[in-house]
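The analysis underlying the following values was restricted to heavy atoms, covering all of them including side chains, and did not include hydrogens, waters or symmetry mates.
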Amino acid sequence: MPPRTLEIDGSVVRGIPSLYAELNRVFMPDEEWTLGESLDALDDLLYGGFGVLHGAEPVRVVWRHADVARRALGVAATKEYYRAKLGRPEVYSQDAARRALEALDVGEGETYFELVLRVFGEHRNIEVVLD
């Protein structure tokens with residue numbers, strides 16, 4: 001049996017909030033609650049057990065217009081993400097956020113798009129196809 005295919009529409013991604021709106025549309029259509037804007041929450045979702053994923057079933061995720069999402073979740077959005085973390089020292093590691101910002105400044109850090117792909121990549125049952 002071929003894996004189930006889900007499609008993310010990257011053309012609607014304008015930043016981190018709209019990414020999670022799209023992920024909720026795709027993965028959480030029948031839930032009464034939504035996934036928060038968090039890489040940890042995305043990771044939890046991909047383990048399955050709620051939304052459209054029912055565990056470690058094989059899933060193929062086709063990310064249409066991935067280039068649009070890649071640009072929207074690029075260096076500028078990622079710096080904004082880490083700067084927001086710096087504004088909440090009681091919750092987030094300030095050293096980690098500073099190191100991430102420094103890496104982005106010298107062209108070596110991962111963008112938010114790349115962080116999202118890394119989270120998907122940690123789930124071997126999920127194949128992501130960038131289109």
I'd like to check [X] versus [Y] (side-chain heavy atoms, cut-off strictly below 4.5 Å). Are they in contact?
{"X": "Asp131", "Y": "Trp63", "result": "no"}
{"X": "Arg4", "Y": "His54", "result": "yes"}
{"X": "Glu127", "Y": "Phe120", "result": "no"}
{"X": "Leu130", "Y": "Asp67", "result": "no"}
{"X": "Val68", "Y": "Val13", "result": "no"}
{"X": "Glu37", "Y": "Pro17", "result": "yes"}
{"X": "Arg64", "Y": "Val62", "result": "yes"}
{"X": "Lys79", "Y": "Leu101", "result": "yes"}

Ala77 to Ala72 - nearest heavy-atom pair and separation
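Looking at all heavy atoms of both residues, the closest pair is CB-O, 3.3 Å.
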Can you see which heavy atom on Pro29 is nearest to which on Val52, and at what distance?
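Heavy atoms only, the tightest pair is CD-CG1, 3.6 Å.
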Tell me whether Asn24 contacts the main-chain N or O of Thr34 through its side chain, where contact means a donor paired with an acceptor under 3.5 Å.
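No; zero donor-acceptor contacts below 3.5 Å.
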Evaluate whether atom CD of Glu32 has more than 12 neighbouring non-hydrogen atoms of other residues, nucleotides or ligands under 6.0 angstrom away.
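For Glu32, atom CD is not crowded (no more than 12 foreign heavy atoms under 6.0 Å).
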Is it the case that more than 12 heavy atoms not belonging to Glu122 sit under 6.0 Å from its CD atom?
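Correct, the count exceeds 12.
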Any chance you could lay out the side-chain contact (heavy atoms from CB on, under 4.5 Å) test for Phe50 and Met28, step after step, and finish with the verdict?
CA-CA 8 Å; Phe50 54 91; Met28 303 283 286; 3.8 Å; yes
Determine the interplanar angle of the Tyr112 and Tyr81 rings, folded into 0 to 90°, and report it as parallel if under 30°, tilted if 30 to 60°, perpendicular if over 60°.
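Aromatic pair Tyr112/Tyr81 classed perpendicular.
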With side-chain contact (heavy atoms from CB on, under 4.5 Å) as the criterion, how do Val61 and Val129 come out once you've worked through the C-alpha distance, each side chain's angles and the decisive distance to 0.1 Å?
CA-CA 6 Å; Val61 176; Val129 178; over 6 Å; no
Evaluate the side-chain contact (heavy atoms from CB on, under 4.5 Å) criterion for residues Leu23 and Ile8: first the C-alpha distance (whole Å), next the side-chain angles of each, then the deciding distance (0.1 Å), finally the verdict.
CA-CA 7 Å; Leu23 292 173; Ile8 297 171; 3.8 Å; yes
Quick one: do Phe27 and Leu35 end up in the same hydrophobic cluster if we chain Ile, Leu, Val, Met, Phe, Trp and Tyr together by side-chain heavy atoms under 4.5 Å apart?
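Same cluster: Phe27 reaches Leu35 through Ile, Leu, Val, Met, Phe, Trp or Tyr contacts under 4.5 Å.
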Transitive ILVMFWY side-chain link Trp33 to Leu53, under 4.5 Å
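Yes.
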For the [atom1] atom of [X] and the [atom2] atom of [Y], what is their distance to the nearest 0.5 Å?
{"X": "Arg70", "Y": "Thr111", "atom1": "CZ", "atom2": "OG1", "value": "7.0 Å"}
{"X": "Thr78", "Y": "Arg83", "atom1": "OG1", "atom2": "CZ", "value": "10.5 Å"}
{"X": "Gln94", "Y": "Arg99", "atom1": "CD", "atom2": "CZ", "value": "11.0 Å"}
{"X": "Glu7", "Y": "His65", "atom1": "CD", "atom2": "NE2", "value": "9.0 Å"}

Do Arg25 and Glu22 sit within salt-bridge range, that is, some charged N less than 4.0 Å from a carboxylate O?
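A salt bridge is present here (some side-chain N lies under 4.0 Å from a carboxylate O).
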Would you list the pairs meeting side-chain hydrogen bond (donor to acceptor under 3.5 Å, both in side chains) in which at least one residue belongs to residues 10-19, sequence neighbours left out?
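Checked against side-chain hydrogen bond (donor to acceptor under 3.5 Å, both in side chains) - neighbours excluded - the pairs reaching residues 10-19 are Asp9-Ser11.
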Kindly write out the residues that satisfy side chain to side chain contact (heavy atoms under 4.5 Å, CB included) with Ala97, not counting sequence neighbours, or none if the list is empty.
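Once residues adjacent in sequence are excluded, the partners of Ala97 under the side chain to side chain contact (heavy atoms under 4.5 Å, CB included) criterion are Tyr82, Lys85, Leu86.
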Side-chain donor-acceptor pairs under 3.5 Å in residues 39-49, sequence neighbours left out?
unit_1: Asp43; atom_1: OD1; unit_2: His123; atom_2: NE2; d: 2.6

